[in-house]
Amino acid sequence: MQIVAGQVAVITGAASGIGLAMAEHLAARKLRIVAADIDAVGLEQAADRLRSTGAEVLSLRVDVSSRSDIEHLAAQTYERFGAANILCNNAGVVKRGKVWEQTDNDWEWVIGVDLWSVIHGVRSFIPRMLAGGQPGHIVNTASTAGLAAFPMIGSYNVAKSGVVALSETLHHELRMEGAPIGVSVLCPGLVATRIGDSERNRPGHERTAQQAPISMRAPGAVAMQAADVADYVARAIESDQFWMLTHPAYDDFVQRRAAGILNRRDVVEPLPI
Ligand SMILES: NC(=O)c1ccc[n+]([C@@H]2O[C@H](COP(=O)([O-])OP(=O)(O)OC[C@H]3O[C@@H](n4cnc5c(N)ncnc54)[C@H](O)[C@@H]3O)[C@@H](O)[C@H]2O)c1
């Protein structure tokens with residue numbers, strides 16, 4: 001899909017990090033932006049900044065884990081702009097802790113924000129996009145953690161693996177339908193954002209001390225800037241690239257994981273976390 005001025009981009013998690021950078025990139029290219037986030041204050045600041053550059057922005061406070069919030073987001077998008085061309089299901093959180101030590105509430109929070117959000121997003125938007133008949137592209141944000149598991153973030157690994165599987169399925173089904181809608185799964189390595197402080201926007205939860213930083217650092221990898229991820233995503237949309245693997249430094253890790261599966265024996269040595 002070519003990215004063209006006047007198209008509509010819907011971005012969740014748009015108040016910070018990668019989502020904000022994607023909103024800034026697409027607004028600079030004169031797309032109309034629907035910015036959604038649970039952080040009402042951060043979202044308004046981001047939306048005001050975008051508007052000050054001349055962008056047309058609809059901002060909505062949304063909890064992406066809520067089916068009704070996402071349905072409302074889709075309805076509002078179509079009421080205001082009559083289309084959605086790019087949908088970035090991007091909001092995400094991470095919780096540090098061993099698999100057996102994370103509570104029910106930890107698991108539900110992470111799976112809700114990282115996986116149910118994408119399920120809700122595609123279920124609410126794709127029927128409207130198909131009915132509209134315009135070219136479209138869905139970008140689901142997973143992670144390198146969706147391609148190989150990292151210790152101490154089990155709920156995140158599970159959710160992001162689910163996002164990868166959902167995206168592959170969606171790609172096949174949209175092809176079968178002959179729909180003009182592409183799909184990509186974004187699997188970054190380390191990006192300089194506020195993801196390590198995910199608890200700051202956790203509903204109904206006393207804000208706890210910032211978690212120990214989660215590094216997921218491949219040998220030789222440096223944290224990428226969110227703006228560079230956004231540039232990469234836009235180029236990859238235009239070249240209809242399914243796998244958006246932004247960090248070549250993790251290729252060896254993914255390759256060793258695949259080799260381990262095929263030798264039916266070895267679990268890949270984890271990267272330090
Ligand atoms: N930063 C990294 O190193 C990295 C690596 C791989 C994947 N990712 C993924 O990138 C995506 C964006 O994260 P980021 O790194 O920009 O972090 P970030 O914390 O800077 O931004 C995440 C945004 O999601 C919002 N959010 C959290 N819970 C929400 C909810 N229930 N409803 C709506 N919005 C909610 C937050 O308010 C925040 O604005 C996430 O899916 C994350 O898992 C990040």
Side-chain angles (χ1 to χ4, degrees), residues 10-25 34-47 59-70 72-73 88-96 108-118 120-121 139-148 150 153 155-164 167 185-205 207 210-211 213-218 221-230 232-233 244-247 249-250 253 271 273:
V10 182
I11 300 154
T12 67
S16 174
I18 297 169
L20 176 57
M22 293 196 289
E24 286 172 338
H25 180 104
V34 181
D37 205 286
I38 200 166
D39 171 10
V41 174
L43 180 63
E44 272 330 295
Q45 287 167 352
S59 56
L60 285 174
R61 186 197 177 271
V62 161
D63 179 349
V64 291
S65 64
S66 154
R67 170 102 187 103
S68 58
D69 278 18
I70 295 288
H72 179 68
L73 174 68
C88 301
N89 289 310
N90 166 77
V93 293
V94 65
K95 173 72 191 173
R96 194 181 168 98
E108 280 161 12
W109 176 52
V110 174
I111 302 287
V113 179
D114 291 358
L115 179 56
W116 271 106
S117 59
V118 185
H120 296 323
V139 180
N140 295 326
T141 303
S143 166
T144 307
L147 304 175
F150 292 80
I153 50 170
S155 50
Y156 188 75
N157 297 329
V158 169
K160 296 300 188 180
S161 302
V163 172
V164 171
S167 304
V185 64
L186 172 59
C187 299
L190 197 63
V191 185
T193 70
R194 298 183 67 196
I195 187 87
D197 190 16
S198 292
E199 301 262 357
R200 73 192 188 281
N201 295 325
R202 183 169 177 173
H205 211 260
R207 191 180 183 288
Q210 194 160 331
Q211 301 180 65
I214 291 164
S215 84
M216 304 194 329
R217 197 181 285 279
V222 287
M224 203 167 167
Q225 295 305 308
D228 296 330
V229 176
Y232 178 100
V233 167
M244 294 182 171
L245 271 62
T246 48
H247 292 58
Y250 294 82
F253 177 56
L271 296 174
I273 184 151

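What you see is a predicted model; the values in this text were computed from it and never measured. Starting from 1, each residue takes its place in the sequence as its number. As the structure lists them, so they are numbered: ligands from 1, and atoms in each ligand from 1.
Every atom of ligand 1 is numbered from 1 in the order shown, and the set under 4.0 Å from a heavy atom of V62 is 32 (N), 33 (C). Ligand-side atoms of ligand 1 in range of V93: 27 (C), 28 (N), range being under 4.0 angstrom from any heavy atom. Near T141, meaning under 4.0 Å from one of its heavy atoms, ligand 1 places the atoms 9 (C), 10 (O), 11 (C), 41 (O). The I18 neighbourhood of ligand 1 comprises atoms 10 (O), 16 (O), 44 (C), with distances under 4.0 Å to a heavy atom of that residue. Here is the list of ligand 1 atoms found below 4.0 Å of a heavy atom in A91: 24 (O), 34 (N), 35 (C), 41 (O). Taking every non-hydrogen atom of R200 and a distance limit under 4.0 Å, the qualifying atoms of ligand 1 come out as 18 (P), 19 (O), 20 (O), 38 (C).
Under the 4.5 Å side-chain criterion, counting only non-hydrogen atoms from C-beta, E44 is in contact with S59. No side-chain heavy atom of S16 sits under 4.5 Å from any side-chain heavy atom of D39. Here the side chains of V163 and L115 are in contact, with some heavy-atom distance below 4.5 Å. You'll find the side chain of I70 reaches within 4.5 Å of the side chain of V62, heavy atoms only. Between L147 and Y250, the closest side-chain pair of non-hydrogen atoms is not below 4.5 Å.
Residues G121 and N89 share a closest heavy-atom pair of CA-OD1, 3.8 Å. The shortest non-hydrogen separation linking I38 to N201 is CG2-CB, 3.7 Å.
Note on ligand 1: A142 sits in its first shell, one or more heavy atoms being nearer than 4.0 Å. Using a 4.0 Å heavy-atom cutoff, G189 is listed among the residues neighbouring ligand 1. The shell of residues lying under 4.0 angstrom from ligand 1, judged by heavy atoms, excludes G42. Ligand 1 does not have M224 within reach: every non-hydrogen atom of the residue lies 4.0 Å or more from it. Residue contact annotation: T12 has no non-hydrogen atom under 4.0 Å from ligand 1. Using a 4.0 angstrom heavy-atom cutoff, K160 counts as in contact with ligand 1.
Distance check: L190 CG to H247 NE2 gives 6.0 Å after rounding to the nearest 0.5 Å. Atom-to-atom distance recorded for I18:CD1 and I11:CD1 is 12.0 Å, nearest 0.5 angstrom. With rounding to the nearest 0.5 angstrom, the CH2 atom of W109 is 4.5 Å from the CD atom of E199. From T12, atom OG1 reaches atom CG of D63 across 11.0 Å, with rounding to the nearest 0.5 Å.
For ligand 1, the polar-atom distance check finds an N/O of D63 within less than 3.5 Å of one of the ligand's N/O atoms. Where the criterion is an N or O separation shorter than 3.5 Å, residue side chain and backbone included, S65 fails it with respect to ligand 1. Looking at Y156 next to ligand 1, an N or O pair under 3.5 Å apart turns up. For ligand 1, the polar-atom distance check against G19 finds no nitrogen or oxygen pair separated by under 3.5 Å. For ligand 1, none of its N or O atoms has an N or O atom of S143 under 3.5 Å away. Of the polar atoms of V113, none of the N or O atoms is found under 3.5 Å from an N or O of ligand 1, judged by distance alone. For ligand 1, the polar-atom distance check against P188 finds no nitrogen or oxygen pair separated by under 3.5 Å. For the pair A14 and ligand 1, the shortest N or O to N or O distance does not fall below 3.5 Å.
Although no hydrogens or angles enter the test, the distance criterion places a donor-acceptor pair under 3.5 Å between the side chain of D114 and the main chain of V93. Panel note: side chain R200, backbone R194; a donor-acceptor pair is recorded below 3.5 Å. Counting only distance, with no hydrogens or angles, the side chain of S143 and the backbone of C187 share no donor-acceptor pair below 3.5 Å.
Looking at A145 against ligand 1, nothing comes within 4.0 Å, counting heavy atoms. Residue-level proximity to ligand 1 for N201 is carried by the side chain, the only part with a heavy atom below 4.0 angstrom.
The closest non-hydrogen atom to atom 22 (C) of ligand 1, taken over G17, G92, A159, A46, comes from G92.
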